[in-house]
There are 2 protein chains.
Amino acid sequence: MADSPRKRTDTTDGSKGQQTRERLLEAAAAILTEKGYSGTRLGDIAKRAELQAPAIYYYYDSREALIEDVVRRGQQSAQAHVENALAQLPDGTPFLERIRCAVEEHLRVVLNLSDFTTAAIRNMGQLPEAMRKQIRSDHKSYGELWQRLFEEAQSNGEIRGDVDVTAARLLIIGALNWSPEWWSTRVADIDDVVAAAIALTDGLIARP
Amino acid sequence: MADSPRKRTDTTDGSKGQQTRERLLEAAAAILTEKGYSGTRLGDIAKRAELQAPAIYYYYDSREALIEDVVRRGQQSAQAHVENALAQLPDGTPFLERIRCAVEEHLRVVLNLSDFTTAAIRNMGQLPEAMRKQIRSDHKSYGELWQRLFEEAQSNGEIRGDVDVTAARLLIIGALNWSPEWWSTRVADIDDVVAAAIALTDGLIARP
DNA sequence: GTCTATATTATGATAGAC
DNA sequence: GTCTATCATAATATAGAC
């Protein structure tokens with residue numbers, strides 16, 4: 001059996017095939033965001049990526065494999081950005097401040113960074129069970145990262161003791177995740193959205 | 001041309017046809033929530049409503065007409081609940097308190113009240129343009145209701161003057177709208193979610 | 001009102017030329 | 001690597017019996 005170029009996952013290669021693969025992924029992310037999981041047709045992806053539908057099968061074994069790749073990237077890019085931003089913070093930064101940082105970064109990724117994140121968020125609930133299972137493990141560690149921040153902040157006395165931090169955390173992430181549904185430069189400046197999101201987060205602050 | 005039973009919109013009639021229509025709507029809402037707009041098949045709806053797919057055409061002219069009815073109901077039920085709750089408040093209730101009330105009601109509707117609201121929220125972004133246009137006019141007045149509350153609260157000095165109330169409002173509604181994606185009784189008690197949502201809202205309070 | 005065909009169309013996927 | 005057929009399947013919608 002000869003080598004197949006399929007299933008390569010490194011993105012650093014600048015060869016023609018890799019470029020086409022990237023175009024394909026970006027096209028798929030855009031269509032996925034716009035039409036949803038079931039509405040995403042290979043024909044539409046191909047048209048946007050400027051090739052013919054059967055060419056997709058040179059890069060992916062199936063429609064599902066392509067979609068899974070898009071969703072996984074969307075998810076990982078959010079996670080990577082936030083983790084990176086948190087890592088920049090000096091030791092001893094208060095947990096509430098770390099949460100503010102995570103809120104800002106997550107929001108900026110979701111609003112700025114291509115369709116990948118939006119595609120992942122918007123379609124997670126409609127993916128077939130088999131795909132969700134694969135993706136959920138990545139998702140889980142991201143959720144735990146947030147959860148730890150909130151729990152530490154609360155046991156530290158930075159966050160009100162009487163709020164359910166799990167609910168608060170999920171509400172906040174939800175607010176951020178939903179923002180692509182309504183945001184455009186006409187509605188509000190991105191910095192104003194960030195400021196508003198942080199203001200809401202500050203509702204959790206413990207006050208004397 | 002004989003009368004057709006189609007396009008009747010009153011729900012008060014208990015006749016057999018109306019009962020079937022309700023079963024159909026509920027089935028469609030459930031499938032729509034689970035599979036998304038494009039993934040919603042008449043066959044799946046029919047199976048869940050315990051009839052054969054072609055029978056749907058006795059009640060609706062097309063798949064789209066049925067889906068539009070579901071989405072419109074989902075939207076109107078949220079709006080009606082919140083408006084009703086706000087109307088119960090005594091005159092002179094501070095605007096911040098009205099906002100808390102709207103937050104609580106909207107959240108409870110979204111988490112408690114069947115699949116209609118979830119179906120509307122989850123699929124709004126993926127509906128075909130023609131359908132969205134119809135539905136957006138209802139949606140608009142609901143958004144304006146919220147916007148007025150926030151603007152009054154701010155000009156009243158109840159809400160911080162330095163936050164963009166439009167962004168804040170959309171973030172909050174987003175947090176609420178997203179909650180069905182993660183909420184279950186196992187994650188948190190519904191009252192705790194309400195309390196957390198109100199805590200976040202209180203982040204907007206102007207403090208001396 | 002609800003059913004059993006069935007017409008029509010669109011889509012994912014394959015075969016095989018270039 | 002990418003293309004032009006082409007196959008197989010599945011879904012909306014209609015016709016017409018009951």
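Order of the sequence lines sets the chain letters (A, B, ...), proteins ahead of strands, with each chain counted from 1. The structure presented is a predicted model; accordingly, all values stated were derived computationally and were not measured.
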Is the closest basic N to carboxylate O distance between A:Arg122 and A:Glu181 below 4.0 Å?
yes
If only side-chain N and O atoms of A:Thr20 are considered, is one of them under 4.0 Å from the OP1 or OP2 phosphate oxygen of D:dT2?
yes
Nearest-angstrom distance from the residue atom OH of A:Tyr60 to C1' of D:dG1
15 Å
B:His106 vs B:Tyr142 aromatic rings, parallel, tilted or perpendicular, using cut-offs 30° and 60°?
parallel
Under 4.0 Å between a side-chain nitrogen and a carboxylate oxygen: does that hold for A:Arg108 and A:Glu104?
yes
OP1 or OP2 of C:dC3 versus the side-chain N and O atoms of B:Tyr58: is any pair under 4.0 Å?
no
Nearest of C:dC3, D:dT14, C:dG1 to any side-chain atom of B:Tyr57?
D:dT14
Can we say A:Arg100 and A:Glu105 salt-bridge, meaning some charged N sits less than 4.0 Å from an Asp/Glu carboxylate O?
no
Among C:dT2, C:dA5, C:dA13, the nucleotide that comes nearest once only the side chain of A:Ser62 is considered
C:dA13
Report the distance from atom CZ of B:Arg21 to atom C1' of C:dT2, rounded to the nearest whole Å.
15 Å
A:Tyr59 side-chain proximity, nearest of C:dT2, D:dT2, D:dA15
D:dT2
Look at atom CD of B:Glu50 and say whether more than 12 heavy atoms of other residues, nucleotides or ligands are closer to it than 6.0 Å.
no
Could you tell me whether B:Glu151 and B:Arg148 make a salt bridge, using a distance below 4.0 angstrom between a side-chain N and a carboxylate O?
no
Starting from P on D:dT12, measure out to CG on B:Leu66 and report it in whole angstrom.
11 Å
Rounded distance (Å) that lies between atom P of D:dG1 and atom CZ of A:Arg23
13 Å
From D:dT4, C:dG12, D:dT12, pick the nucleotide closest to the side chain of B:Arg63?
D:dT12
Near DNA chain C, counting only heavy atoms under 4.0 Å, which residues of residues 25-53 of chain B show up?
B:Leu51, B:Gln52
